Amino acid sequence: MLTQAPKGTRDMLPADAHLWQMIEARMREVAALAGYREVRTPVFEHTELFLRGVGGTTDIVQKEMYTFLDKGERSITLKPEGTAGAVRAFIEGRLYADALPCKMYYLNAPIFRYENPQAGRLREHHQFGMECFGGSQPTVEAELISTLFSLLSGLGIKNLSVHINSIGCKECRPKYHAALKDFLGERISEMCPTCRERFERNPLRILDCKEEKCKAIVKDAPSMLDMLCEGCHDHFEGLKTLLSAQDIGYAIDPRIVRGLDYYTRTVFEIIMQTGREGLALCGGGRYDALVEELGGPATPAAGFGIGLERILIELKNAGTEPVAPTITDVYVAAITDDDRTEAYLLTQKLRTAGVKAECDHAGRSLKAQFKFAGKIAPFVAVVGGDERARGTVLLRNMNTREQQEIPLATAPEAIKQLIE
RNA sequence: GUGGGUAUAGUUCAGUGGUGGAGCGCCAGAUUGUGGCUCUGGAUGUCGUGGGUUCGAACCCCACUACCCACCCCA
């Protein structure tokens with residue numbers, strides 16, 4: 001127990017660090033290109049933020065949150081998604097008072113959901129997300145999707161499909177709910193308990209049900225897309241035009257309604273097509289009412305979240321994982337115990353000169369130092385012995401097995417030149 | 001929350017009731033100033049945890065925990 005990470009959590013070990021850092025660097029790059037700057041919000045928030053923001057009827061809020069009372073009797077919840085915190089920060093920081101749109105991204109934010117772990121799903125996972133406040137035009141959603149594409153294709157991840165839908169706004173959605181209830185009528189009693197509950201609280205989600213019986217009943221239900229008000233219709237058409245203009249292929253999927261209540265108009269998902277087929281890599285959409293709902297001024301907004309662990313799965317599937325960089329460039333070996341101080345000093349001088357260098361810390365024999373060096377460094381510098389008398393060090397290329405003597409006095413700079 | 005599978009060395013796994021094993025990895029030696037190949041030797045296990053059956057349990061039974069997979073839902 002003591003030496004076992006909690007269920008559904010995972011360590012990032014040093015051997016994998018370069019993968020995460022490479023992905024994170026790409027994310028910062030694409031976000032910056034689109035004018036998004038980083039935001040960092042707390043790992044925990046007041047529970048109420050998620051109740052109001054994410055929605056009290058959602059699975060996330062009803063059964064997946066890590067909620068506890070702190071010592072001051074406040075109800076605290078570990079972030080179960082990234083948007084609510086960003087919106088809170090936007091309001092609390094009075095960012096709405098500046099020129100809008102205000103664009104921000106969060107990176108490597110830990111997200112907590114109490115779920116049963118399986119492939120691509122953990123209790124703690126990490127997300128990159130972009131949020132744009134104050135943009136009402138469909139160019140915002142197009143920009144988000146486009147940025148995602150450039151991120152993922154830059155990582156060599158292909159075979160993705162974009163699914164988009166519009167779930168209307170507070171004008172047209174109630175009308176659709178009414179139409180859906182009319183359509184279902186008495187047949188709601190034949191549906192699963194979950195759907196019967198959703199019928200009252202959030203009828204749209206009935207379309208999302210995976211029960212065969214429910215799917216059959218819902219098959220010919222009216223579509224939200226046919227009942228969009230003029231504004232929502234035009235917005236959706238606008239997004240489709242923009243995506244097509246950019247040659248981004250997409251599928252319209254009336255069944256995606258998303259599990260978070262705050263969405264309005266556009267919702268979208270990017271789905272894996274290989275490996276973990278059907279698993280969502282990324283989800284997002286527009287949430288024009290959320291800022292106001294949480295106490296800010298009415299501000300249109302849109303954003304997405306994408307799971308880093310799932311990107312790593314796709315990276316492995318695509319076979320485009322970068323090779324790990326060498327741990328060090330030069331391993332400084334000491335011939336005898338008397339040479340260890342000099343080896344240590346040369347190591348430090350190399351580091352000062354900007355060369356990744358390492359020496360023995362385990363009291364190994366020269367032979368063992370070489371063996372170890374062979375695993376972590378392309379070059380070995382040998383200090384001591386005859387070379388000490390001659391005032392030189394021996395530099396060995398571990399790949400070509402070539403060796404040369406270098407004057408000790410100028411060794412750090414000379415080695416720096418030689419290994420480049 | 002539900003269902004299926006799994007748990008033995010650092011790792012991948014074999015071992016079906018009678019003295020715990022192999023490959024790879026790790027450490028050392030052959031090589032007294034040089035890694036990778038070869039050869040030789042070595043270390044490491046409360047056989048997931050706790051009970052039970054038995055003269056005797058890694059093996060059979062029960063419970064628990066974790067991991068993998070799936071449903072639900074989601075990143």
Side-chain angles (χ1 to χ4, degrees), chain A residues 1-10 13 54 57-65 79-83 106 108-129 148 192-195 198 205 208-212 214 256-260 267-272 276-284 303-314 331 333-339 362-388 393-403:
Chain A
M1 207 64 174
L2 187 63
T3 52
Q4 187 162 49
K7 181 171 182 160
T9 66
R10 197 168 287 182
L13 295 173
V54 177
T57 64
T58 60
D59 284 1
I60 289 176
V61 167
Q62 286 189 338
K63 49 188 198 193
E64 295 181 354
M65 295 205 305
K79 274 196 270 201
E81 58 94 53
T83 299
Y106 53 86
N108 214 347
I111 300 290
F112 303 90
R113 290 183 202 165
Y114 191 82
E115 307 190 77
N116 245 336
Q118 63 186 68
R121 165 202 251 150
L122 296 164
R123 289 186 172 178
E124 180 192 41
H125 76 278
H126 299 84
Q127 288 191 16
F128 163 62
L148 279 163
C192 72
T194 309
C195 284
R198 285 171 175 167
R205 298 221 44 167
D208 208 22
C209 189
K210 305 295 188 294
E211 295 258 344
E212 285 307 322
C214 302
I256 62 170
V257 298
R258 312 288 304 150
L260 299 89
V267 289
F268 64 88
E269 290 180 356
I270 295 183
I271 310 289
M272 303 185 187
R276 305 290 171 191
E277 195 168 349
L279 197 63
L281 193 57
C282 167
F304 68 77
I306 181 163
L308 299 202
E309 283 84 354
R310 288 188 181 180
I311 291 178
L312 280 170
I313 290 173
E314 275 304 272
Y331 185 93
I335 292 177
T336 68
D337 284 347
D338 291 340
D339 304 316
R364 292 184 217 263
S365 68
L366 180 63
K367 178 188 172 70
Q369 290 178 62
F370 265 92
K371 191 173 178 184
F372 183 67
K375 292 171 195 162
I376 66 164
F379 291 91
V380 173
V382 185
V383 164
D386 298 343
E387 288 80 356
R388 177 201 283 271
V393 299
L394 191 66
L395 184 68
R396 178 182 176 87
N397 182 322
M398 295 296 272
N399 297 317
T400 65
R401 310 173 83 161
E402 288 167 342
Q403 303 190 158

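Quick note: numbers below take in every heavy atom, side chains included, and nothing from hydrogens, waters or symmetry partners. First the proteins, then the strands, lettered A, B, ... as listed; each starts at 1. Computed from a predicted structure; not experimentally measured.
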Go through [options] for me and flag the one nearest to the [X] side chain.
X: A:Glu64; options: B:C73, B:A66, B:G33; answer: B:C73
X: A:Glu387; options: B:G33, B:A70, B:C73; answer: B:G33
X: A:Asp386; options: B:C67, B:C68, B:G33; answer: B:G33
X: A:Asn116; options: B:C71, B:U2, B:G33; answer: B:U2

So which atom in [X] and which in [Y] form the shortest heavy-atom distance, rounded to 0.1 Å?
X: A:Lys7; Y: A:Pro117; answer: CE-CD, 3.8 Å
X: A:Met65; Y: A:Pro80; answer: SD-CG, 3.8 Å
X: A:Cys282; Y: A:Phe304; answer: SG-CD1, 4.0 Å
X: A:Arg388; Y: A:Asp339; answer: NH2-OD1, 2.6 Å
X: A:Gln369; Y: A:Arg364; answer: NE2-O, 3.2 Å
X: A:Ala280; Y: A:Arg310; answer: O-NH1, 2.7 Å

Using a 4.0 Å cut-off on protein heavy atoms (strictly under), produce a 5'-to-3' string for nucleotides 36-50 of chain B with B for base contact, S for backbone-only sugar-phosphate contact, and - for none.
-> B--------------
Can you tell me how far [atom1] in [N] sits from the matching atom in [M], rounded to whole Å?
N: B:G21; M: B:U8; atom1: C1'; value: 10 Å
N: B:U65; M: B:U49; atom1: P; value: 16 Å
N: B:A43; M: B:A22; atom1: P; value: 12 Å
N: B:U44; M: B:C62; atom1: P; value: 35 Å
N: B:A57; M: B:C47; atom1: C1'; value: 11 Å
N: B:G48; M: B:G35; atom1: P; value: 40 Å
N: B:G3; M: B:A63; atom1: P; value: 13 Å
N: B:G25; M: B:G17; atom1: C1'; value: 33 Å

So, A:Glu81 side chain and A:Ile111 main chain: donor-acceptor pair closer than 3.5 Å or not?
->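 No, A:Glu81 side chain to A:Ile111 backbone: no donor-acceptor pair under 3.5 Å.
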Any strand: nucleotide that pairs with B:G3 via Watson-Crick or wobble, under 3.5 Å = B:C69
Checking N1-N3 plus N6-O4 or O6-N4 for Watson-Crick, or N1-O2 and O6-N3 for wobble, each under 3.5 Å, the partner of B:A63 is B:U49
Is it the case that more than 12 heavy atoms not belonging to A:Tyr114 sit under 6.0 Å from its OH atom?
->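 No, OH of A:Tyr114 has 12 or fewer neighbouring heavy atoms, counting only those of other groups under 6.0 Å.
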Validation row: A:Ile306, A:Leu281 side chains within 4.5 angstrom (heavy atoms) = yes
So what does [X] touch, heavy atoms closer than 4.0 Å: a base, only the sugar-phosphate, or nothing?
X: A:Ile311; result: nothing
X: A:Arg388; result: nothing
X: A:Gly82; result: nothing
X: A:Ala368; result: sugar-phosphate
X: A:Leu281; result: sugar-phosphate
X: A:Gly8; result: sugar-phosphate

Would you kindly compare A:Asn397 and A:His126 by the position of their nearest RNA chain B nucleotide and give the one closer to the 5′ end?
->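 It is A:Asn397 whose nearest nucleotide is closer to the 5' end.
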Could you say whether A:Arg205 or A:Pro6 is positioned toward the 5' end of RNA chain B, judged by the nucleotide with the nearest heavy atom to each?
->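 The residue closer to the strand's 5' end, by nearest nucleotide, is A:Pro6.
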Please state whether the phosphate of [N], meaning OP1 or OP2, lies under 4.0 angstrom from any side-chain nitrogen or oxygen of [X].
X: A:Arg10; N: B:C68; answer: yes
X: A:Gln118; N: B:C71; answer: yes
X: A:Lys375; N: B:C27; answer: yes

Below 3.5 Å, does any donor atom in the side chain of A:Glu115 face an acceptor in the base of B:A75, or the other way round?
->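 A donor-acceptor contact between them is present.
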Hey, is the side chain of A:Gln403 pairing donor to acceptor with the base of B:U34 inside 3.5 Å?
->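 Side chain to base: pair found, below 3.5 Å.
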